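The shown structure was predicted, so the numbers you read here are calculated from the model rather than taken from an experiment. A note on names: the letters A, B, ... follow the listed sequences, proteins ahead of strands, and every chain is numbered from 1.
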Number of protein chains: 2
Amino acid sequence: MKIAIAGAGAMGSRFGKMLQDSGQTVTLIDNWAAHVSQIQKHGLLVHTDGQEQIVKFEAFQPSELNFQQFDLIILFTKAMQMEGMLQDIQKAIGHNTKILVLANGIGNIETIEHFIPRKQIIAGVTVWSSELDGPGEITLTGTGSVTLQAVQPDDNNALFLQQLVTLMNNAKLNVTVSNSVIEAIWKKAAFNCVLNTYTSLISCNVGEFGAFSNRDFLIDNVLNEITSVAKAMKVPFNKQETLDLILSQFKPGQNGSHYASMYQDLSQNRLTEIDYLNGYIAKKGAEFHIPTPVNSLLTALIHCREELNQMQK
Amino acid sequence: MKIAIAGAGAMGSRFGKMLQDSGQTVTLIDNWAAHVSQIQKHGLLVHTDGQEQIVKFEAFQPSELNFQQFDLIILFTKAMQMEGMLQDIQKAIGHNTKILVLANGIGNIETIEHFIPRKQIIAGVTVWSSELDGPGEITLTGTGSVTLQAVQPDDNNALFLQQLVTLMNNAKLNVTVSNSVIEAIWKKAAFNCVLNTYTSLISCNVGEFGAFSNRDFLIDNVLNEITSVAKAMKVPFNKQETLDLILSQFKPGQNGSHYASMYQDLSQNRLTEIDYLNGYIAKKGAEFHIPTPVNSLLTALIHCREELNQMQK
């Protein structure tokens, strides 16, 4: 299968590496010129448990893409860059191309529908993690899993979905199919609303956050507001399962030393996905007249951090 | 007048320097051994507008104090260390000693009353600022003022208050007497609930905070809760005046490059006064059944930062 990873940052590169290791042909597409150029010239430098490995990839900026089309495009583009990325790679999307969206945040499927019919979209969530150390360099942390669902199931994409699960499990990505991917997307988003946002604001890793005495108070404040907003929007959201998932990250042997992607975004002076996480909850809360003081405050504070990065540039 | 500064950190040292420059005899008392030892051996290094100056002081740790008593003890001790400091220097408090409390935070007078009659206590607030660069070293930033009031006015302390105002104004401390010192203490505390807490959390200076697009939203969130709690407690609190004071800090020519004391506390791995600022609002809010989600969250986040410092020590 001809696979492209659109948005080949920490997570995209990790998936690219694992898929290529399993024998697939993978093309990395990213807008970060220095990152793409480094991979083109020297390959991707991958750190795993203190070991280093160079992985060769076909890598392009969207503007460098030839008229090749892909069987599968895995979208790891950040939520706020998704529309732009899809516009830039439109010529690489054929009539039979499937798009698997694994990017964080709520509301991505609505964006993708502008570019491809619903039945060609696979929605997914993942709790794999990874860190982008610099151009062409990532560190793999911990283990994870992936949950997939066709956005509009039919016989054709049911078959494709089966192939995709097999292909991704050959790459040891721990993939299962679920009938509740929207719920899973909300669960993942809520997970990130808690761990991404708090650890970025406090400047700590996941393990350190798990050791704070106010941890449960902080988690509960965010999840309670999400629960109320989800209820008003009639979206299935299971607070307890989300809480369990969050708490599981603090167990010994989990990737406690992992710094969340938002922390990495801020460290690298990039914009964060806050508007598609806590900011989305705050926005929908306002729409549905649900008070969201905590998510609103956290959103504003992260935006301050983004602006501070710009000021200090 | 025989003056002691108890709690001779950034602000205490600044006041000590300005008072001594005006001809007073000032003793610095502090619990930080390295700071006291540096001042004893080499004097206090004071940076002002790029200039350096060494200022000699009599300096002691509380345990080193002889049986000398002071006419005036100016308390700049942090709120959470006030009780301990007063216990340690009890022998230096005579029948005629007056205590001027200029420390930040709400609830200090109640602590001091355990050690000295109310009529010997002068309460004050100040918006002077200063930075502690290290043991025996401070940087003076911007200008400020002081507002004073006898906690229990009588003829005796009215006379003393007049002397004190003259003495402090000779030291160019811009002192005025007010009949609304509790209101002023709340105003100062609210000022710190906003600027200290947010700038510490965002890791920015006051000028940078003033330039954030979400600045007014963030300020309003904190002040609205304080207004509700003050109303429930029947404490006079003027939101608009507090807001004006905060906004005045962002004007060009103000000390925009100033890092708040809480930021300095966290940088130096010290505990903050958060429980006597936003934490006090949250605690009183809970007592009076006033929702304070914003001040509660900010308190918890600052405590996380304190704990993180301990973890990374």
Side-chain angles (χ1 to χ4, degrees), chain A residues 193-195 197-225 228 256-257 259 263 266-267 274-275 278-279 282 285-286 290-313, chain B residues 193-195 197-225 228 256-257 259 263 266-267 274-275 278-279 282 285-286 290-313:
Chain A
C193 283
V194 170
L195 287 185
T197 305
Y198 280 131
T199 61
S200 300
L201 207 49
I202 300 166
S203 297
C204 63
N205 63 35
V206 172
E208 288 164 338
F209 181 77
F212 291 141
S213 57
N214 283 317
R215 177 194 86 182
D216 294 337
F217 169 82
L218 291 172
I219 297 172
D220 222 46
N221 266 273
V222 165
L223 292 187
N224 286 343
E225 290 182 6
S228 302
S257 65
Y259 283 89
Y263 179 97
L266 289 173
S267 303
I274 192 73
D275 285 337
N278 310 74
I290 310 285
T292 57
V294 167
N295 283 284
S296 300
L297 187 78
L298 292 172
T299 303
L301 287 170
I302 293 291
H303 280 312
C304 288
R305 280 285 185 82
E306 293 173 335
E307 292 180 20
L308 184 64
N309 275 341
Q310 287 303 310
M311 289 178 200
Q312 293 178 343
K313 216 171 180 174
Chain B
C193 283
V194 170
L195 288 185
T197 305
Y198 280 131
T199 60
S200 300
L201 208 50
I202 300 165
S203 297
C204 64
N205 64 35
V206 172
E208 288 163 340
F209 181 77
F212 291 142
S213 56
N214 282 317
R215 176 195 85 182
D216 294 337
F217 169 82
L218 291 172
I219 297 172
D220 223 46
N221 266 274
V222 166
L223 293 187
N224 285 343
E225 290 182 5
S228 301
S257 64
Y259 283 89
Y263 178 97
L266 289 173
S267 302
I274 193 73
D275 285 337
N278 310 74
I290 310 286
T292 58
V294 167
N295 283 283
S296 300
L297 187 78
L298 292 172
T299 304
L301 288 169
I302 294 291
H303 281 313
C304 288
R305 280 284 184 84
E306 293 173 334
E307 292 180 18
L308 183 65
N309 275 342
Q310 287 304 309
M311 289 177 200
Q312 294 178 341
K313 215 171 180 175

A.B. asks: When rounded to the nearest 0.5 angstrom, what distance separates OG1 in A:Thr299 from CG in B:Asn214?
C.D. replies: 9.0 Å
A.B. asks: Looking only at heavy atoms, what is the nearest atom pair of B:Phe212 and A:Cys304, with distance?
C.D. replies: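 Heavy-atom minimum between the residues: CE2-O, 3.2 Å.
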A.B. asks: Looking at chain B, which one of A:Cys204, A:Ser213, A:Pro293, A:Pro291 has the largest number of heavy-atom pairs inside 4.5 Å, strictly under?
C.D. replies: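 Winner by heavy-atom pair count: A:Ser213.
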A.B. asks: So which heavy atom on A:Leu308 is nearest to which on B:Ser203, and how close?
C.D. replies: CD2-O, 3.4 Å
A.B. asks: Which is it for B:Ile202 and A:Leu201 under the side chain to side chain contact (heavy atoms under 4.5 Å, CB included) test, yes or no, and what are the steps along the way?
C.D. replies: CA-CA 7 Å; B:Ile202 300 165; A:Leu201 207 49; 5.7 Å; no
A.B. asks: Counting only non-hydrogen atoms closer than 4.5 Å, does B:Tyr198 touch chain A with its backbone (N, CA, C, O), its side chain (CB onward), both, or neither?
C.D. replies: side chain
A.B. asks: Who wins among A:His303, A:Gln312, A:Glu307 for the most heavy-atom pairs under 4.5 Å with chain B?
C.D. replies: A:Glu307
A.B. asks: Counting only heavy atoms closer than 4.5 Å, note whether B:Ile302 contacts chain A via side chain, backbone, both or neither.
C.D. replies: neither
A.B. asks: Stepwise, does the side chain to side chain contact (heavy atoms under 4.5 Å, CB included) test hold for B:Leu297 with A:Leu298?
C.D. replies: CA-CA 9 Å; B:Leu297 187 78; A:Leu298 292 172; 3.9 Å; yes
A.B. asks: Working to the nearest 0.5 angstrom, can you tell me the gap between B:Asn221 CG and A:Ser296 OG?
C.D. replies: 7.5 Å
